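Before any comments, here is the structure.
All of these numbers come straight from a predicted model, not from anything done at the bench.
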Amino acid sequence: MEHAVSIFLLCIVSAFIFRITGFGFGIVIMTVLPYLMPSYGEATALSGLLALSMSIVVAWRMRHYVTWSRLLPILICFSLVSCVAIFMLRQMNDVLLRKILGVALMLISLYFFFLSERIRFKTTLPYQLGAGIISGFMGGFFGMQGPPAVLYFISSEPDKEHYLAMLQHYLLLGNIIMTIARWRNGFVTPAVGLAYIYGIGGVAIGAAMGAWVFKRIPGAVFRKIVYGFIGISGLIILLRA
């Protein structure tokens with residue numbers, strides 16, 4: 001495959017950041033992946049498959065901390081909206097999608113820089129549905145459903161173990177549902193399968209490196225660097241689209 005080395009290295013970086021920050025695999029990998037895959041839809045399919053693989057181990061280990069009554073409403077809403085967004089991808093132009101992605105990345109960067117510590121979601125049904133809708137569109141269109149879910153689960157869960165368990169089960173089940181929807185809409189192709197083989201090794205290496213670094217640097221400092229990178233990447237994508 002023409003971009004095998006680039007995909008492998010990109011997966012190392014994305015998994016490395018995910019292991020340190022707890023989310024953001026799709027955010028980072030989608031800054032470059034649309035330019036390496038044959039189509040934008042195939043890029044989101046590959047991102048989802050790789051993110052799914054990362055969540056399996058953590059979700060299994062933390063399964064005893066899951067409270068399904070708080071997980072199911074946002075997951076069901078997310079599933080319906082993301083499937084609609086994936087269907088809409090077939091009707092949309094790749095250049096337009098890259099422009100939207102660029103704007104989305106810049107807004108995400110600004111949000112995490114200035115508002116993430118100030119805004120908390122309530123755990124009532126309207127907030128669950130709202131988080132699910134936003135997450136569904138972000139996941140279906142851009143393969144980055146994490147940020148709204150992070151806000152919701154930080155507010156709803158009593159400790160970091162429950163938070164991590166709920167988030168990883170949400171990401172795992174959500175990516176399984178979106179992968180099925182992408183396959184039904186023709187985005188899971190042989191090119192995606194081949195790229196997955198190259199990328200999964202990079203995911204393993206990046207996750208191992210991230211686990212080592214996580215213990216040695218202040219997480220808040222690293223997050224600021226990551227969010228800055230996301231914003232700059234969004235601007236570059238917007239200018240190149």
Side-chain angles (χ1 to χ4, degrees), residues 1-37 40 42-62 101 104-105 108-109 112 138-139 142-147 149-150 153 160 163-165 167-176 178-179 182 188 191-234 236-237:
M1 185 176 178
E2 181 182 357
H3 299 296
V5 175
S6 297
I7 291 173
F8 176 76
L9 296 175
L10 180 61
C11 286
I12 291 177
V13 174
S14 302
F16 174 77
I17 291 172
F18 176 88
R19 183 61 182 82
I20 293 173
T21 64
F23 73 105
F25 181 87
I27 295 174
V28 177
I29 200 169
M30 285 299 290
T31 61
V32 179
L33 201 57
Y35 299 99
L36 303 180
M37 296 298 293
Y40 187 93
E42 287 168 292
T44 62
L46 177 59
S47 173
L49 280 169
L50 292 168
L52 186 160
S53 301
M54 285 196 66
S55 297
I56 290 175
V57 175
V58 179
W60 175 255
R61 290 176 178 174
M62 306 295 290
L101 174 61
L105 289 172
I108 289 170
S109 174
F112 279 108
M138 291 181 66
F142 310 124
M144 51 179 75
Q145 68 269 32
V150 167
F153 290 127
K160 63 181 182 181
Y163 159 76
L164 184 61
L167 179 61
Q168 293 306 312
H169 276 78
Y170 175 81
L171 295 176
L172 173 62
L173 295 173
N175 276 313
I176 289 174
M178 286 194 297
T179 296
R182 286 166 180 147
V188 180
V192 171
L194 185 59
Y196 177 86
I197 294 173
Y198 293 122
I200 195 63
V203 165
I205 294 171
M209 292 170 58
W212 185 85
V213 172
F214 180 75
K215 301 175 182 178
R216 291 166 173 81
I217 64 171
V221 173
F222 191 83
R223 288 189 187 95
K224 295 293 184 182
I225 297 173
V226 172
Y227 302 150
F229 166 76
I230 291 169
I232 293 171
S233 298
I236 293 172
I237 289 173

Interatomic spacing from CG in Leu49 to OH in Tyr196 - rounded to 0.5 Å: 6.5 Å
Leu167 versus Ala149, closest heavy-atom pair with distance: CD1-CB, 4.1 Å
Minimum-distance pair of heavy atoms, taken over all atoms of Arg182 and Gly143: NH2-CA, 4.0 Å
Closest approach of Ala15 to Ala207 (non-hydrogen atoms, all atoms of both residues): CB-N, 3.7 Å
Ile200 and Ser53: CA distance, side-chain angles, deciding distance, side chain to side chain contact (heavy atoms under 4.5 Å, CB included) verdict: CA-CA 8 Å; Ile200 195 63; Ser53 301; 3.7 Å; yes
Interatomic spacing from CD1 in Ile176 to CG in Leu52 - rounded to 0.5 Å: 5.0 Å
Polar side-chain atom of Thr179 near backbone of Asn175 as donor-acceptor pair, under 3.5 Å: yes
Between CG on residue Leu33 and OG1 on residue Thr44, distance to nearest 0.5 Å: 9.0 Å
Interatomic distance, Ile27 atom CD1 to Met138 atom CE [nearest 0.5 angstrom]: 6.0 Å
Euclidean distance, His169 NE2 relative to Leu164 CG, rounded to 0.5 Å: 10.0 Å
Evaluation steps, side chain to side chain contact (heavy atoms under 4.5 Å, CB included), between Ile205 and Phe8: CA-CA 10 Å; Ile205 294 171; Phe8 176 76; 3.6 Å; yes
Sole candidate of Ile29, Leu10, Leu46 that passes side chain to side chain contact (heavy atoms under 4.5 Å, CB included) when paired with Leu36: Leu10
Where Cys11 and Leu50 come nearest, the two heavy atoms and their spacing: SG-CD1, 3.5 Å
Closest contact, heavy atoms only, Met37 versus Ala191: CE-O, 4.0 Å
Nearest heavy atoms of Ser47 and Gly26, plus distance in Å: OG-CA, 3.8 Å
Side-chain H-bond candidate by donor/acceptor type, Ser6 with Tyr35, under 3.5 Å: no
Approximate separation, where rounding is to 0.5 Å, of Phe25 CZ and Met30 CE: 11.0 Å
